[in-house]
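The structure appears below as structure tokens.
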Amino acid sequence: MLKGIKVIDFTNYLPGPFATLRLAELDAEIIKVEPPEGDPARHMGISEQGNGLVFLANNRQKKSISLNLKEKEGYDTALKLIANADVVIESFRPGVMEKLGLGYETVRTVKPDIIYCSISGYGQKGSLSKLGNHDLNYMALSGVLAQFKDRTCKPVHPSITLGDYIGGFAANERILAGLVSRVLTGKGSYHSISITDQLVSLLGNHVMVEKEDGEGTGIKALNGSIISYALYETRDGRYMSLGALEPKFWVNFCQANGHEDWNSAHFSTTDDANPVFQELTVLFKSKTFYEWIEFAQKVDCCMAPVLEIGELSTNPYFREKKLIFASTWGDYQVKMHSDLKQESIAPPPQKNEHRNEILNNILI
């Protein structure tokens, strides 16, 4: 879909590389500009082979060139790359690209129709914009982390950097919108993505509900407070998710378990004082995790297992879509677009691997 679109990627770590990986799977050419020491993600979560797992997971299908942007040669090369490109994406702290002479206002003088996207924690302007922070901070400040609490109302430390991924999605959304706009107007555009702002954008329902009745956990039917939309422990200590919001699904569930008498308790609370909730808890603990999985595949009641990461690659759903695949270079990768076929997949690049190829192309 994006064949012929060239992206100059100045990003490191996760949000930007995740964004450009998704663009790469849409056939865009991604030229990853790394500092002399390489993307720091090359050194995060080291594998047995000495490679950074975070880098390996997010940088296939890309080309690498190493440039020292503080030196004239590196700077001049970066400008030439941009002059031959369609998109620039960067994730430095606000003001860094300007100091390097590669900010949007400078870049547009050599490439007027460039689509330029900056990813940062708090945006390019404002009282927090220049402060260093990470995903956990963005989730905390945005109000999203407060939606993950245990039964004692203590925030649960997430094991996924949700903000980074949401920021990557948002960057792609704006880049693609910029490319469409360029077709329509012939003009380039600048886009500032604040990861914190993007996280807040997930909370429209929550803000509406809180202003209406003071409830800070969103729509009650979806926050685990009713028995038909909740998590339940199985006999072997695993968990199943039940999402039988619509009456037909709840009726299916109740009938399949011989409890038509529960039909009227559809929206009753997950409260220990609720006898149906107590019975439902006992019911789930009467069967094993895999027995409930078999039940969920036979009874149409909106039920799914809470899978662990190690179970994904062997789960029938993911296997038939080949979402998680063994790469030809010896690791496991996750597809970004499950419905698209790729004729060939290039491994994550070695640092500076494509220097000669890239330089030859910009000199033509």
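Here, residue 1 is the first one in the sequence, and each next residue gets the next number. None of these values were measured; they are calculated from a predicted model.
Side-chain N/O atoms of Ser64 and Glu34 include a donor and acceptor closer than 3.5 Å. A donor-acceptor contact closer than 3.5 angstrom links the side chains of Asp261 and His259. Of the N and O atoms on the side chains of Glu279 and Thr281, not one donor lies less than 3.5 Å from an acceptor on the other residue.
Across all non-hydrogen atoms, the minimal contact from Ile195 to Pro15 is CD1-CG, 4.0 Å. Summarising the geometry of His157 relative to Leu136, their closest heavy-atom pair is NE2-CD2, 3.6 Å, with the distance given to 0.1 Å. The two residues Thr234 and Asp236 come nearest to each other via the heavy atoms OG1-OD1, 2.5 Å. Contact between Leu69 and Ala78 at its shortest, heavy atoms only, is CD2-CB, 3.8 Å. Between Asn12 and Pro35, the closest heavy-atom pair is OD1-CD, 4.2 Å. Here the shortest heavy-atom pairing between Ile193 and Ala171 reads CG1-CA, 3.9 Å.
Clustering of Ile, Leu, Val, Met, Phe, Trp and Tyr side chains at separations under 4.5 Å places Tyr13 together with Met44, Val54. Through direct or indirect side-chain contacts shorter than 4.5 Å among Ile, Leu, Val, Met, Phe, Trp and Tyr, Val209 is connected to Ile219, Leu222, Ile226, Tyr229, Leu245, Phe267.
Residues Arg238 and Glu311 are paired through a salt bridge, judged by an N-O separation under 4.0 Å between the basic side chain and the carboxylate. Ion pairing of Glu29 with Lys63 is present here, as a side-chain N (NZ or NE/NH1/NH2) and a carboxylate O approach within less than 4.0 Å. Between Glu37 and Lys351, no side-chain nitrogen of the basic residue sits less than 4.0 Å from a carboxylate oxygen of the acidic one, so the salt-bridge criterion is not met. Between Asp113 and Arg108 no salt bridge is recorded (no basic side-chain N to carboxylate O distance below 4.0 Å).
At least one side-chain heavy atom of Asp331 sits under 4.5 Å from a side-chain heavy atom of Gln333. Looking at Ser189 and Arg182, their side chains never come closer than 4.5 Å, going by heavy atoms from C-beta outward. Within the 4.5 Å cutoff, the side chain of Asn51 has no heavy atoms near those of the Ile46 side chain. Taking the side chain as every heavy atom from C-beta outward, Gln61 and Thr20 never approach each other to under 4.5 Å. Within the 4.5 Å cutoff, the side chain of His337 has heavy atoms near those of the Asp339 side chain. Counting only heavy atoms from C-beta outward, the side chains of Tyr75 and Glu71 never approach each other to under 4.5 Å. Contact check for Phe10 versus Phe92: side-chain heavy atoms found under the 4.5 Å cut-off. Within the 4.5 Å cutoff, the side chain of Asp86 has no heavy atoms near those of the Ile115 side chain.
When the shell of 6.0 Å around CZ of Arg319 is examined, it contains 12 or fewer heavy atoms from other residues, nucleotides or ligands. Under a cut-off of 6.0 angstrom, the local environment of NZ in Lys6 is crowded, with over 12 non-hydrogen atoms contributed by other residues, nucleotides or ligands. Atom CD of Glu260 has more than 12 neighbouring heavy atoms from other residues, nucleotides or ligands inside a 6.0 Å radius. Ile309 CD1: 12 or fewer foreign heavy atoms inside a 6.0 Å radius. Environment of CD in Gln350: sparse, with no more than 12 heavy atoms of neighbouring residues, nucleotides or ligands closer than 6.0 Å. More than 12 heavy atoms of other residues, nucleotides or ligands lie within 6.0 Å of CD in Glu320, so this atom counts as buried by the packing criterion.
In this structure, Leu280 is a member of the same hydrophobic cluster as Met240, with clusters built from ILVMFWY side-chain heavy atoms closer than 4.5 Å. Under the 4.5 Å side-chain heavy-atom criterion for ILVMFWY residues, a single connected hydrophobic cluster contains both Val299 and Leu283. Both Val96 and Leu81 are assigned to one and the same hydrophobic cluster, defined by single-linkage of ILVMFWY side chains at heavy-atom distances under 4.5 Å. In the hydrophobic clustering of ILVMFWY residues, with side-chain heavy atoms under 4.5 Å counting as a link, Tyr165 and Ile89 come out apart. Residues Ile160 and Leu21 fall within the same hydrophobic cluster, defined by Ile, Leu, Val, Met, Phe, Trp and Tyr side chains chained together at heavy-atom separations under 4.5 Å.
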| field | Lys32 vs Asp39, side-chain contact (heavy atoms from CB on, under 4.5 Å): CA-CA, chis, key distance, verdict | value | CA-CA 9 Å; Lys32 185 174 180 66; Asp39 182 340; 3.0 Å; yes
| request: Could you check Ile345 against Arg60 for side-chain contact (heavy atoms from CB on, under 4.5 Å), going step by step and ending with a plain yes or no? | output: CA-CA 7 Å; Ile345 303 174; Arg60 66 179 183 270; 3.7 Å; yes
| said: Quick one, Glu90 with Ile119, criterion side-chain contact (heavy atoms from CB on, under 4.5 Å). Give me CA distance, side-chain angles, the key distance, then yes/no. | reply: CA-CA 6 Å; Glu90 62 91 9; Ile119 304 176; over 6 Å; no
| request: Quick one: do Val87 and Ile114 satisfy side-chain contact (heavy atoms from CB on, under 4.5 Å)? Show the steps, please. | output: CA-CA 6 Å; Val87 177; Ile114 197 73; 5.6 Å; no
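For the side chain to side chain contact (heavy atoms under 4.5 Å, CB included) test with Tyr190, the passing option among Glu105, Arg174, Gln124 is Gln124; the others fail.
Atom CG in Leu26 sits 6.5 Å away from atom CG in Leu340 (nearest 0.5 Å). Here Asn252 contributes atom CG and Cys301 contributes atom SG; the two are 7.0 Å apart, rounded to the nearest 0.5 Å. Taking CZ of Arg355 as the reference point, atom CD1 of Ile65 lies at 4.5 Å (rounded to 0.5 Å).
At distances below 3.5 Å, at least one donor-acceptor pair connects side-chain atoms of Asn172 with backbone N or O atoms of Ala19. Checked by atom type and distance alone, the side chain of Thr185 pairs as donor or acceptor with a backbone atom of Ser181 at under 3.5 Å. When atom types are taken as modelled, the side chain of Thr288 and the backbone of Glu291 share a donor-acceptor pair closer than 3.5 angstrom. Checked by atom type and distance alone, the side chain of Gln278 pairs as donor or acceptor with a backbone atom of Asp272 at under 3.5 Å. Looking at Thr270, its side chain does come within 3.5 Å of a backbone N or O of Gly224 through a donor-acceptor pair. The closest donor-acceptor contact from the side chain of Thr196 to the backbone of Gly121 lies under 3.5 Å. A side-chain donor-acceptor contact under 3.5 Å links Asn59 to the backbone of Phe55. Distance alone, capped at 3.5 Å, places no donor-acceptor pair between the Asn58 side chain and the Pro17 backbone. Side chain of Trp292 to main chain of Phe284: a donor-acceptor pair is present (N/O by atom type, distance under 3.5 Å, no hydrogens or angles). Remark: side-chain polar atoms of Asp9 are not paired, donor with acceptor, to backbone N or O of Ile30 under 3.5 angstrom.
Residues meeting the ring pair (Phe, Tyr, Trp, His ring centres under 6.0 Å) test with His266, sequence neighbours left out: Trp250. When the ring pair (Phe, Tyr, Trp, His ring centres under 6.0 Å) test is applied to Phe169, the partners found at least two apart in sequence or on another chain are Phe18.
Using bins of under 30°, 30° to 60° and over 60° for the plane-to-plane angle, the ring pair Tyr104/Tyr116 lands in the perpendicular bin.
Applying the side-chain hydrogen bond (donor to acceptor under 3.5 Å, both in side chains) test to every pair with at least one member in residues 128-137, sequence neighbours left out, gives these pairs: Tyr122-Asn133. Within the structure, side-chain hydrogen bond (donor to acceptor under 3.5 Å, both in side chains) contacts touching residues 138-154 (residues at least two apart or in different chains) are Gln147-His206, Asp150-Thr152.
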